[in-house]
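Working notes for the structure below.
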Amino acid sequence: INPAKNIPYIEPTFRLPKYLKLEDGIRIQKIYNLSNSRYYRRNNTILSLFLNTGLRLSELANIKIKDINFEKKLILIIGKGKKERVVYLNNNMVKLIKEYLTTRKVIDFDNYLFVNNKNTKLSRRSIENICSKAFELAGLKDYNYTTHTLRHTAATYMYKGTKDILAVKEILGHERLGTTMIYTHIENEELKRAVERNPLNNFFAKDADVGERRQ
């Protein structure tokens, strides 16, 4: 006897990932300055790297200077399961990293890219705090955004710009395509909202109602 036989089927639900509006994503990359942070170049570079590459928090924290090839504009990333992948950088990102490195007292290519005032690896907690403060400075504190929100933001706009889900999958380092497919759902949801917000829908409803009353 199956005790669950008469229980109705429940449709599975999933949450679409949060992501920043385009204008907020652009603004937050320059949110730090001399008035609010001693290490404003480092902090802005962290935010930009998240938003331009879609890296995971652990991946960004573990980047070493020697992992970056400035000539070929790429970073060698060690992802989940210690799998290696290459992440490409745009010209602006290369410029930001170089400018940040000029603020470092000591450049050791075996050292980590992002360090604290003791020139030791910046912890994941510290990076999370940098991002949390950035959201607060940008007036986005109430949205409960995290470093993963920045990854989602990068992936969302990459997909919107290319419509190439396989390319986004490789950039994010996903093992399964199904994991990346959620970004197509974001696009579909936006299309659905656009249709629902069409003001002609209201006119149609009103006209139909008038026609029914005349009959």
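- Listed for the Asn52 side chain is a donor-acceptor partner under 3.5 Å among the backbone atoms of Ser48.
- For the pair Leu137 and Tyr32, the minimum side-chain heavy-atom distance is below 4.5 Å.
- Side-chain N or O atoms of Arg27 include one that pairs as donor or acceptor with a backbone N or O of Ala138 at under 3.5 Å.
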(request) Apply salt bridge (Lys or Arg N to Asp or Glu O under 4.0 Å) to Lys64 and Asp67, showing your working. (result) CA-CA 5 Å; Lys64 293 186 176 181; Asp67 297 329; over 6 Å; no

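- Panel note: side chain Lys82, backbone Gly79; no donor-acceptor pair is recorded below 3.5 Å.
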(request) Please step through side chain to side chain contact (heavy atoms under 4.5 Å, CB included) for the pair Ile77 and Glu84, ending with a clear verdict. (result) CA-CA 6 Å; Ile77 297 296; Glu84 294 185 356; over 6 Å; no

(request) Verify side chain to side chain contact (heavy atoms under 4.5 Å, CB included) between Glu59 and Val87, making sure each step is shown before the conclusion. (result) CA-CA 11 Å; Glu59 293 171 346; Val87 171; over 6 Å; no

(message) Between Ile130 and Asn43, does the side chain to side chain contact (heavy atoms under 4.5 Å, CB included) criterion hold? Intermediate values first, please.
(response) CA-CA 7 Å; Ile130 288 168; Asn43 296 352; 3.3 Å; yes

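- In this structure, the side chain of Thr45 engages the main chain of Arg41 through a donor-acceptor pair within 3.5 Å.
- Relative orientation of the His152 and Tyr183 rings is tilted, given thresholds of 30° and 60° on the angle between their planes.
- In this structure, Asn36 contributes its side chain and Ile31 its backbone to a donor-acceptor pair below 3.5 Å.
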(request) Test salt bridge (Lys or Arg N to Asp or Glu O under 4.0 Å) on Lys133 and Glu136 and set out the steps. (result) CA-CA 5 Å; Lys133 184 180 178 182; Glu136 183 177 352; over 6 Å; no

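- When ring centroids are compared, Tyr100 and Phe114 come within the 6.0 Å threshold.
- When each of Ile97, Leu101, Leu96, Thr103 is tested with Glu99 by the rule side chain to side chain contact (heavy atoms under 4.5 Å, CB included), just one qualifies, namely Leu96.
- By the side chain to side chain donor-acceptor pair (under 3.5 Å) test, Lys121 pairs with Asn62, sequence neighbours left out.
- In this model, a donor atom of one side chain and an acceptor atom of the other lie less than 3.5 Å apart for Asn91 and Lys73.
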(request) Could you walk me through whether Leu55 and Leu150 pass side chain to side chain contact (heavy atoms under 4.5 Å, CB included), step by step? (result) CA-CA 9 Å; Leu55 292 177; Leu150 301 177; over 6 Å; no

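- When the options Lys169, His174, Glu175 are evaluated for a side chain to side chain donor-acceptor pair (under 3.5 Å) with Thr180, the one that passes is His174.
- The local environment of CD in Glu23 is crowded, with over 12 non-hydrogen atoms from other residues, nucleotides or ligands closer than 6.0 Å.
- Arg104 contributes a side-chain N or O that, together with a main-chain N or O of Leu113, makes up a donor-acceptor pair within less than 3.5 Å.
- Here the side chain of Gln29 pairs a donor or acceptor atom with the backbone of Gly25 at under 3.5 angstrom.
- With hydrogens and angles disregarded, a donor-acceptor distance shorter than 3.5 Å links the side chain of Arg151 to the backbone of Leu172.
- A donor-acceptor pair under 3.5 Å is absent between the side-chain atoms of Arg85 and the main chain of Ile78, judged by distance alone.
- For the pair Ile186/Leu16, a side-chain contact is recorded, criterion being any heavy-atom separation below 4.5 Å from C-beta on.
- In this structure, the side chain of Tyr157 engages the main chain of Leu22 through a donor-acceptor pair within 3.5 Å.
- Here SG of Cys131 is found 14.0 Å from OH of Tyr145. Values are rounded to the nearest 0.5 Å.
- In this structure, the side chains of Glu128 and Leu57 come closer than 4.5 Å at one or more pairs of heavy atoms.
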